[in-house]
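Each residue takes its place number in the sequence, starting with 1.
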Amino acid sequence: MGLRDSSVLLAALSLALAYCSVSVVAYDPLDPRGNITIKWDVISWTPDGYVAMVTMSNYQMYRHIMSPGWTVGWSWAKKEVIWSIVGAQATEQGDCSKFKGGIPHCCKRTPAVVDLLPGVPYNQQIANCCKAGVVSAYGQDQAGSVSAFQVSVGLAGTTNKTVKLPKNFTLMGPGPGYTCGPATVVPSTVYWTPDHRRRTQALMTWTVTCTYSQQLASKYPSCCVSFSSFYNDTIVPCAKCACGCGHGGHAGPGGCIEGDSKRALSPGVNTPRKDGQALLQCTPHMCPVRVHWHVKLNYKDYWRAKIAITNFNYRMNYTQWTLVAQHPNLDNVTEVFSFQYKPLLPYGSINDTGMFYGLKFYNDFLMEAGPFGNVQSEVLMRKDARTFTFSQGWAFPRKIYFNGDECKMPPPDSYPYLPNAAPVAASQLVVSAAASAFLLALLLVA
């Protein structure tokens, strides 16, 4: 192989590695098929364009869109304008000075659209709209995982041949993290009439798929995990600066405040910022959320773990929060107290991943930092003699996700270890000693 051939091969390998690194960024191994799909259905033609129903479906099992909600943007392919929207609104009108008669709702080349707030007049509503942009995770609330609005587009094509698809779609949910692919024409959506005796279909349909990357959302984790157990006095805390410290972390340039300071009780401290900047309680880890896993009790056929979630952010209430754990004994969950639980099967038959979330109107609302900023539950799991052990950190989860973001775990060598004088080990020594004595007696008799 010559020098030129070697250079070509190295270049090809570099391109392949770059492609793989880009494509893997938005891949979630615990939710491999999770995405948000935006579908445009052209339902009628107008003199200068069309009317489309835009539906946003969240197919992510445990990642929802929190308050202050989603923002969808795109670039028009030509010089289209938005004459009107039902169920949403554009954040800016833009320059509509060239229109002498009716003024469009939005004339920007790159519009940004947000959901309406609950309680708007009925003539501004449409099905699945007006939830302040909050969209539930598909695995938690399938009915609430859809958001929609209707848009009337002008100065556009009036046939399937002349309509040009919008480009450069963006989705803020509510912050960065989502990457959207190009719009793709798909078979037209079919609708049933209310009596289910007649089918109609959209005049034209295209879809856009958006996937989430935690690395794009933030260079720091948004949560951390700590451990403790009944068989060891050691409490393994979250790593120092697990979510970043100082100006680079979640606390931002405003720093943090002590939990017992007067500032924590001052008026307006809980008011969210438009940029979503957190105001954290001062901790060594500086994370907005901490998840604590405690191995609590050991029975003959079962064992019990306690899960506690603490919010250290004074400016955030987590509504409809989700907690995902990966643990080899989740295939034998017997009972979960005060949380909802749902097994997740990302790999079909392997049942080692489950989602915890709050009971509606009870603890699905995780308040901001303070005395009420925590929720907790206990999990009872049946022992499997083939796999069960307390040694080598087996009783602790492999991964923890909070609201779809992977939490910073303690290093494996810091897990609470099983002491040499543990009751299980002692009983095994007694049995072994008795067997040895019995064998020795038999030999002497012989």
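- Residues C241 and Y220 fail the side-chain proximity criterion, which asks for heavy atoms closer than 4.5 Å.
- Side-chain polar atoms of T205 and D41 form a donor-acceptor pair below 3.5 angstrom.
- By the 4.5 Å heavy-atom criterion applied to side chains, F396 and V236 are not counted as neighbours.
- Taking a cutoff of 4.0 Å between a charged side-chain nitrogen and a carboxylate oxygen, D28 and R63 qualify as a salt bridge.
- Side chains of H292 and S226: a donor-acceptor N/O pair is present below 3.5 angstrom, by distance only.
- Considering only heavy atoms from C-beta on, V86 stays 4.5 Å or farther from F149 through its side chain.
- Taking every heavy atom of both residues into account, Y62 and L30 meet most closely at OH-CB, 3.3 Å.
- Between K306 and E378, none of the side-chain N atoms (NZ, or NE/NH1/NH2) sits under 4.0 Å from a carboxylate O, so this pair counts as no salt bridge.
- The main-chain N or O of T322 is never found under 3.5 Å from a side-chain atom of Q140 such that the two would form a donor-acceptor pair.
- Considering every non-hydrogen atom in both R398 and G393, the closest pair reads NH1-O, 4.0 Å.
- By the neighbour-count criterion of 12 heavy atoms within 6.0 Å, atom OH of Y362 is sparsely surrounded, having that number or fewer from other residues, nucleotides or ligands.
- A heavy-atom distance below 4.5 Å is not found between the side chains of C106 and Q93.
- Using a distance-only test at 3.5 Å, with no hydrogens or angles considered, a donor-acceptor pair links the side chain of K342 to the main chain of G139.
- M53 is not listed as a side-chain neighbour of V42, based on a closest heavy-atom distance of 4.5 Å or more.
- Judged by distance alone, the side chain of N363 and the main-chain N or O of S338 form a donor-acceptor pair under 3.5 Å.
- Counting non-hydrogen atoms of neighbouring residues, nucleotides and ligands closer than 6.0 angstrom, the CZ atom of F372 reaches no more than 12 such neighbours.
- No donor-acceptor pair under 3.5 Å is formed between the side chain of R290 and the backbone N or O of I309.
- T283 places a side-chain N or O within 3.5 Å of a backbone atom of M286 that can act as its donor or acceptor partner.
- In terms of heavy-atom proximity, M316 sits nearest to N313 at CB-ND2, 3.2 Å.
- Side-chain rings of Y318 and F402 approach one another, their centers coming within less than 6.0 Å.
- Judged by distance alone, with hydrogens and angles left aside, the side-chain atoms of S67 form no donor-acceptor pair with the main-chain N or O of G69 at under 3.5 Å.
- Taking CG of D331 as the reference point, atom CG of L345 lies at 10.5 Å (rounded to 0.5 Å).
- No more than 12 heavy atoms of other residues, nucleotides or ligands lie within 6.0 Å of NZ in K408, so this atom counts as exposed by the packing criterion.
- In this structure, the separation between CE on M56 and SG on C210 is 8.0 Å, given to the nearest 0.5 Å.
- Annotation: side chain of M409 is in contact with side chain of Y415 (closest heavy-atom distance under 4.5 Å).
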For this session: Please assess K360 against F365 for the test side-chain contact (heavy atoms from CB on, under 4.5 Å), listing each intermediate value before the final yes or no.
Result: CA-CA 8 Å; K360 199 168 183 63; F365 186 79; over 6 Å; no
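- Summarising the geometry of F390 relative to A395, their closest heavy-atom pair is CD2-CB, 3.8 Å, with the distance given to 0.1 Å.
- To the nearest 0.5 Å, atom NE2 of residue H327 and atom CD1 of residue I400 are 9.5 Å apart.
- The shortest side-chain heavy-atom distance between P328 and W394 falls under the 4.5 Å cut-off.
- The neighbour count for Q124 CD, taken as heavy atoms of other residues, nucleotides or ligands under 6.0 Å away, is above 12.
- Of the candidates D301, N298, T389, N332, K383 forms a side chain to side chain donor-acceptor pair (under 3.5 Å) with just one, namely N298.
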For this session: Tell me, with the steps shown, if F356 and V379 meet side-chain contact (heavy atoms from CB on, under 4.5 Å).
Result: CA-CA 10 Å; F356 301 86; V379 186; 3.7 Å; yes
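- One finds the CH2 atom of W74 at 12.5 Å from the NZ atom of K108 (value rounded to the nearest 0.5 Å).
- Side-chain atoms of W70 and S147 form a donor-acceptor pair, as typed in the model, at a separation below 3.5 Å.
- The backbone N or O of Y138 sits nowhere less than 3.5 Å from a side-chain atom of S145 that would complete a donor-acceptor pair.
- With hydrogens and angles left out, the side-chain atoms of W303 and N329 include a donor and acceptor closer than 3.5 Å.
- Remark: the H294 side chain and the S229 side chain contain no N/O donor-acceptor pair separated by less than 3.5 Å.
- When all heavy atoms are compared, the tightest approach of N168 to S75 is ND2-OG, 3.6 Å.
- Of all non-hydrogen atoms in L165 and A77, the two that sit nearest each other are O-CB, 3.5 Å.
- Counted by atom type alone, N351 and T353 present zero donor-acceptor pairs between their side chains at under 3.5 Å.
- For the residue pair S136 and Q320, a side-chain donor N or O sits within less than 3.5 Å of a side-chain acceptor on the partner.
- Taking the charged nitrogens against the carboxylate oxygens, R33 and D31 have no contact shorter than 4.0 Å, which rules out a salt bridge.
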Problem set entry | Verdict with supporting geometry, V54 and I38, side-chain contact (heavy atoms from CB on, under 4.5 Å) | CA-CA 7 Å; V54 182; I38 304 171; 3.8 Å; yes
For this session: Before giving the answer on side-chain contact (heavy atoms from CB on, under 4.5 Å), spell out for V135 and H64 the whole-Å C-alpha distance, their side-chain angles and the decisive distance to 0.1 Å.
Result: CA-CA 6 Å; V135 184; H64 62 278; 6.0 Å; no
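- For the atom pair Y59 OH and T37 OG1, the distance stands at 5.5 Å (nearest 0.5 Å).
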Problem set entry | disulfide (SG to SG under 2.5 Å) assessment of C224 paired with C287 | CA-CA 7 Å; C224 64; C287 290; 3.6 Å; no
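- Here CD of Q214 is found 8.0 Å from SG of C407. Values are rounded to the nearest 0.5 Å.
- Residues C180 and L171 meet the side-chain proximity criterion, which asks for heavy atoms closer than 4.5 Å.
- C243 does not pair with C223 as a disulfide, the SG atoms being 2.5 Å or more apart.
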